[in-house]
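See below for the structure under consideration.
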Amino acid sequence: MKSKLLAALSISISLLSSVPSHGQTQFLNSASTPDEAPVMSSFFDEEEEENDSSSVYAPDGRRWDEIPDFEAVGFALDTIVDLPPLPKYFFRPAVYVSFDFPDSMKFDDKIFSGRPELRWIEEVNVGQRSMNDMRYNLFFKTPEIVKYNIAFLPEAPKFYQSEIDPLKHKIEIRESITGPDNRTTLVAEEVKKRHWIRNFSASLQFSQAYVSPNWYQGGNNNLNLLGQLYYNVKLNQEFHPNLLVDFTSQYKLGLNSAPDDSLRNYSISEDLLQINGKIGIKAAKRWYYSFTGQFKTQLLNSYTSNTRNLRSAFLSPGEFIGGFGMTYNYANAKKTFTFDASLDPISYNLKICTNSRLDETAYGIKEGKSTVSTYGCQAVFNMFWQMASNISLRSYFSFFSDFGNAQADWQNTLQFDINRFLTTKIFADLRYDTMGVAAEGTKWKKLQVKELLSIGFTYKFSSI
């Protein structure tokens with residue numbers, strides 16, 4: 001029987017060596033208390049062997065002295081609960097993983113309940129709490145000795161697991177594949193190529209003034225409205241670097257209250273439908289062989305104040321300019337500045353006047369005709385500059401000459417975005433025409449100027 005006892009005690013000592021020092025102390029101290037003695041003593045206490053049947057007979061009903069020593073050791077192991085393996089971070093350099101709150105247990109809190117059947121799990125909890133305290137003190141009270149952080153490691157560290165073999169009296173440490181693997185868990189959707197880039201904006205600007213009848217300086221009430229539609233579509237050069245395709249269409253309509261006009265309550269200050277197009281094939285780094293076209297007209301009838309004399313109408317006048325040449329295209333890396341310059345030495349100009357109530361000769365058309373064609377050269381410059389996150393400048397300049405007469409248009413729009421829908425715009429348009437008619441009572445003839453400052457609502461849409 002002594003040999004059985006020695007074998008069981010040797011196994012218990014080997015198991016006890018795997019428990020932390022704090023847990024071992026509690027375990028050994030418990031053996032000095034009779035009511036809290038380890039459960040294994042009930043099988044090998046010789047003093048109670050004759051009075052307690054559990055000390056004489058093994059669990060299978062045989063007497064202990066009839067069981068071979070190797071089988072007695074097996075029964076003794078059945079009464080011992082395996083302790084959990086030591087934490088993996090005790091077998092590698094200290095690596096910070098995550099924040100843990102300190103143990104909230106107070107010093108005077110009761111650790112053991114005094115119930116023998118729960119003694120084994122309470123001892124395990126004491127050992128686990130001691131290891132957690134050690135880890136907390138290491139990471140948060142002495143961070144200078146923790147050299148590694150799992151968040152900054154180039155790859156996931158290896159995890160290890162210890163296995164205790166009491167028969168061989170050894171602890172085996174093996175790598176455990178518990179970390180994330182390199183397999184893809186999410187499948188990204190295929191991104192479709194966007195061959196065309198579109199931009200759209202619609203705005204309604206207005207200005208208003210009210211003057212009371214007794215205002216000492218006099219004056220008239222007025223209300224000004226300006227609506228604008230803008231649409232641009234161009235070929236994405238990221239996928240088509242050797243092609244240049246760009247089309248822009250816009251329509252602007254400006255209405256003013258006309259208190260001095262006895263025939264109408266409003267007058268038209270702006271009525272412009274304009275379509276610009278450009279197609280090119282790459283010739284050098286930023287140069288393209290290109291065709292540039294422009295068409296513009298108005299849609300509504302406009303009259304001279306206090307008369308029924310027609311000033312302009314649909315396709316009266318209307319104008320188309322097209323030419324072949326070279327185009328220089330530039331855009332910075334952030335796409336906040338773009339610039340196009342087209343030089344067309346071979347250009348065609350068509351002027352139209354289809355309304356018989358208008359004098360077609362004022363547009364260079366022979367009397368009785370509705371169109372006139374001329375040939376010459378043209379230059380077109382188009383620039384967009386995003387000056388700040390809420391300030392942008394768009395400028396368009398075109399020049400055409402038939403080597404006898406010349407005309408130039410320069411359109412500028414400076415936009416201030418107050419928020420997503422509210423904007424302030426400054427429109428400044430200049431036009432030079434050698435065939436211009438002088439205004440009555442002024443010296444203005446070839447040069448024409450128009451400027452408007454307004455605030456209003458804007459809606460934008462873009463495919464990028």
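Because only heavy atoms are used, hydrogens play no part in the values below, and waters and symmetry mates are left out as well, while side chains stay in. What you see is a predicted model, and the numbers here were worked out from it, not measured in a lab.
There is no side-chain donor-acceptor pair under 3.5 Å between T423 and D417. In summary, the side chains of S290 and K278 do not present any donor paired with an acceptor at a separation below 3.5 Å, with no hydrogens or angles considered. If you check the side chains of E319 and Q294, you find no donor sitting under 3.5 Å from an acceptor. Side-chain contact annotation: Q250 with Y396, donor-acceptor N/O pair under 3.5 Å absent. No donor-acceptor contact under 3.5 angstrom links the side chains of W385 and T336, judged on distance only. With 3.5 Å as the limit, one finds no donor-acceptor pair spanning the side chains of T248 and N276. Side-chain contact, Q378 with D344: a donor N or O sits under 3.5 Å from an acceptor N or O. In this structure, a donor-acceptor pair under 3.5 Å is present between the side chains of Y251 and D271. Counting only N and O atoms by type, the side chains of Y230 and R394 include a donor and acceptor under 3.5 Å apart. Between the side chains of Q205 and Q228, no donor-acceptor pair is found at a separation under 3.5 Å.
Within a 6.0 Å sphere centred on CZ of F457, heavy atoms belonging to other residues, nucleotides or ligands number 12 at most.
Judged purely by atom type and a 3.5 angstrom limit, N232 uses its side chain to pair as donor or acceptor with the backbone of F247.
Here the CD1 atom belonging to I171 is positioned 10.5 Å from the CG atom belonging to D165, to the nearest 0.5 angstrom.
Checked for salt-bridge contact, R135 and D133 miss the test: no charged N lies under 4.0 Å from a carboxylate O.
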Decide ring pair (Phe, Tyr, Trp, His ring centres under 6.0 Å) for F324 and F291; before the verdict, give the C-alpha distance in whole Å, the side-chain angles of both, and the deciding distance to 0.1 Å.
CA-CA 5 Å; F324 293 92; F291 169 80; 5.0 Å; yes
